[in-house]
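Take a look at the structure below.
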Amino acid sequence: FGDGPLRGMRVLVSAGPTFEDIDPVRYLGNRSSGRMGYAVAAAAAAAGAEVCLVSGPVCLEKPVGVARRVDVRSAQQMLDAVLTEAPRSDIYIAAAAVGDYRPRAPAEHKMKKSDGQPLTLELTENPDILSTVAALAHPPFLVGFAAETRDVEAYARGKLERKKLDLIAANQVGVGMGFETEDNALTLIGPESSEKLPRCDKRELAQALIARIAAQFHARRNP
Ligand code: C5P
């Protein structure tokens, strides 16, 4: 592994959407392309870390330098993979857009239309992956993302505290912003800090984000 501010560190990144199956041919998903998380994984590897990337279903190749990619589909599968890797990770960066709910009882066979009648899908809440990792005896340094359409900083700060994170990267999403785009802007919020990383290419933004994460990680280790 290369030289850089994360030399010798193990970094776990989760990225992409989760798909929650309704029946064998349909699912509930979201609009995450995985590009931000993949850029973060690539930037961590370029900073010298040994990177494990847990990925939901995306159309992206494993970035150069990333040691391992574990493919998952549902939130539950992502949780299992993350819980396997987290205890041996120094830093966990949760960039996945995890589905909040899943169908309570996926149908075994393809569901049929019911003659113009409304269809009701019963949903169950998914586990919160970050909060589960935060509750481990020795959690890694935890970085979350918060994609919001309004009141970005206030909601992000709430998540930082509720999920017991070390840092949260907040961004505004909506029409033409954040999702499915090549560039993005972030506000990086810590317990006592807030810093704007201006809009740029997701690759450059990921490099800036990794530089800040490395600085804060080392500052916490050697105060
Ligand atoms: O969905 P939400 O805005 O709460 O996501 C904030 C952060 O929490 C993100 O980093 C996301 O990856 C993470 N998350 C999670 N498990 C969930 C939902 C979100 O780890 N079930």
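Quick note: residue numbers are just sequence positions, from 1. Order of listing sets the numbers, starting from 1, for every ligand and every atom in it.
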Taking the six-membered ring of Tyr27, is NZ or CZ of Arg73 closer than 6.0 Å to its centre and within 45° of its axis? yes

Classify the ring geometry between Phe217 and Phe141 as parallel (under 30°), tilted (30 to 60°) or perpendicular (over 60°). perpendicular

Distance-minimising heavy-atom pair for Ile91 and Pro140: N-CB, 3.9 Å

Apply the test salt bridge (charged side-chain N to carboxylate O under 4.0 Å, His left out) to residues Glu148 and Lys159: give CA-CA distance (whole Å), side-chain angles for both, the deciding distance (0.1 Å), then the verdict. CA-CA 11 Å; Glu148 303 290 349; Lys159 276 176 198 173; 2.6 Å; yes

Carboxylate-amine/guanidinium proximity below 4.0 Å for Arg220 and Asp166: yes

Is Arg68 paired with Glu85 through a side-chain N to carboxylate O contact shorter than 4.0 Å? yes

Check each protein residue for a heavy atom under 4.0 Å from ligand 1 and list those that pass, ordered by chain and number. Ala94, Ala96, Val98, Pro127, Asp128, Ile129, Leu130, Gly144, Phe145, Lys159, Lys163

